[in-house]
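Worth knowing before you read on, the calculation uses all heavy atoms, side chains too, and leaves out hydrogens, waters and symmetry mates.
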Amino acid sequence: MSINDLKKKVYDGNMALVKYGLVILTWGNVSAIDREKGVVVIKPRGIDYELLAPDDMSVTDLDGSPDSNNRYLPSVDLDIHLEIYRNFKDVQAIAHTHSAYATAWAQACEPIPVYGTTHADHFYGAVPCTRHLKPEEIAEGYELNIGKVIVEAFKGINPMQMCGVLTAGHGPFTWGDSVKSSIEHSLILDELAKMALLTRTVNPNSALLPKEMLDKHYLRKYGENAYFYQDK
């Protein structure tokens with residue numbers, strides 16, 4: 001895929017955040033990686049979505065050095081994206097939003113529990129929330145350290161079975177094997193966060209979905225013997 005094609009995919013992904021009501025103003029960003037070329041394309045910082053065009057997307061290498069042809073500086077969240085790409089080798093695209101329901105759980109510093117099969121169909125367990133950064137982690141290398149605490153939160157968790165995370169006090173990041181899937185995970189995550197909040201409102205002592213149900217619903221879609229989708 002050419003760099004221009006990748007820019008168009010990333011642009012379309014950022015526009016999808018607006019379409020689905022996951023961002024307002026200049027909030028949020030989408031990126032994608034071409035691992036063969038060693039480049040990442042990401043939304044530029046601080047520009048209204050309606051003013052963007054595909055060629056405005058910023059290109060960097062995996063160390064964050066910008067391409068000399070960039071019109072704009074890349075998103076300030078670039079180092080978060082890069083740290084995820086460096087550590088989660090199957091991730092091909094990342095979306096970051098401040099969508100209201102998922103961000104509410106992030107601000108509460110709570111993982112989103114599995115209360116029902118809708119959650120189990122998409123995320124294999126409670127969606128984790130990172131720890132807060134330490135003062136020294138905030139003072140220096142702030143965005144990189146957010147990426148590091150995301151990676152830290154995934155010890156023992158397969159990032160392709162849990163394609164999202166809440167960053168404490170901040171908001172959600174989701175990812176996938178394509179720009180499309182990273183956006184879908186953002187949309188689903190916010191809906192699950194809303195459902196979980198409503199479930200706790202109806203009954204603060206609601207029981208978690210039994211493990212057997214979690215396994216059944218996730219693995220029937222994504223397991224070795226999955227049967228949820230049409231045969232190809």
Side-chain angles (χ1 to χ4, degrees), residues 6 10 13-14 17 22-23 26-35 37-46 57-67 70 72-99 102-103 105-112 123 125-179 181-183 185-186 189-190:
L6 192 59
V10 171
N14 279 286
L17 295 185
L22 294 168
V23 298
T26 65
W27 301 3
N29 41 71
V30 172
S31 73
I33 188 171
D34 185 322
R35 293 187 181 274
K37 290 184 173 69
V39 299
V40 168
V41 176
I42 192 169
K43 174 181 170 282
R45 67 184 69 176
M57 301 300 104
S58 295
V59 181
T60 80
D61 65 19
L62 296 185
D63 293 321
S65 298
D67 188 283
N70 286 347
Y72 300 113
L73 294 171
S75 168
V76 294
D77 292 327
L78 173 66
D79 282 340
I80 306 173
H81 291 241
L82 293 177
E83 188 66 8
I84 293 171
Y85 287 130
R86 283 191 287 260
N87 286 277
F88 300 163
K89 301 302 183 183
D90 293 324
V91 170
Q92 299 298 321
I94 299 167
H96 170 50
T97 78
H98 290 260
S99 58
T103 299
W105 286 85
Q107 291 179 169
C109 300
E110 282 204 43
I112 302 174
F123 293 86
V127 178
C129 185
T130 69
R131 63 173 174 83
H132 270 300
L133 297 184
K134 300 172 184 177
E136 60 271 22
E137 293 172 325
I138 297 170
E140 187 172 347
Y142 174 63
E143 289 82 13
L144 175 60
N145 288 326
I146 294 175
K148 288 182 179 296
V149 297
I150 289 173
V151 174
E152 176 186 298
F154 272 72
K155 289 179 180 176
I157 300 175
N158 182 339
M160 300 311 288
Q161 294 180 333
M162 180 64 63
C163 291
V165 67
L166 308 175
T167 52
H170 186 172
F173 286 79
T174 61
W175 49 79
D177 59 6
S178 66
V179 169
S181 67
S182 72
I183 301 299
H185 288 134
S186 285
L189 179 61
D190 203 62

Does [X] use its side chain to pair, donor to acceptor, with the backbone of [Y] at less than 3.5 Å?
X: D61; Y: D63; answer: yes
X: N70; Y: V59; answer: yes
X: N29; Y: S75; answer: no

Under 4.5 Å between any side-chain heavy atoms of [X] and [Y], yes or no?
X: S58; Y: K43; result: no
X: L62; Y: I33; result: yes
X: E83; Y: L144; result: yes
X: L17; Y: I183; result: yes

Ion pair check, R131 and E152, cut-off under 4.0 Å: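 Judged by the 4.0 Å cut-off on N to carboxylate O distance, R131 and E152 do form a salt bridge.
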Which heavy atom of [X] sits nearest a heavy atom of [Y], and at what distance?
X: A32; Y: V179; result: CB-CG2, 3.9 Å
X: E143; Y: I80; result: O-CG1, 3.2 Å
X: C129; Y: A106; result: SG-O, 4.2 Å
X: D190; Y: S99; result: OD1-OG, 2.8 Å
X: P128; Y: I157; result: CG-CD1, 4.3 Å

To the nearest 0.5 Å, what is the distance between [atom1] ([X]) and [atom2] ([Y])?
X: T60; Y: L73; atom1: OG1; atom2: CG; value: 12.0 Å
X: N87; Y: K148; atom1: CG; atom2: NZ; value: 7.5 Å
X: K37; Y: L6; atom1: NZ; atom2: CG; value: 8.5 Å
X: N158; Y: F88; atom1: CG; atom2: CZ; value: 9.5 Å
X: I146; Y: T130; atom1: CD1; atom2: OG1; value: 8.0 Å
X: I150; Y: H81; atom1: CD1; atom2: NE2; value: 8.5 Å

Listed pairs under 3.5 Å, donor-acceptor, residues 162-177 side chains, sequence neighbours left out:
from	atom 1	to	atom 2	distance (Å)
T167	OG1	G171	N	3.2
T167	OG1	G171	O	2.6
H170	NE2	H96	NE2	3.3
T174	OG1	S182	O	2.8
T174	OG1	S186	N	3.4
T174	OG1	S186	OG	2.5
W175	NE1	P159	O	2.8
D177	OD1	S181	OG	3.2

Test side-chain contact (heavy atoms from CB on, under 4.5 Å) applied to Y85 and V91, step by step: CA-CA 6 Å; Y85 287 130; V91 170; 3.8 Å; yes
E136 atom CD, neighbour heavy-atom count above 12 within 6.0 Å: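 Counting other residues, nucleotides and ligands, CD of E136 exceeds 12 neighbours.
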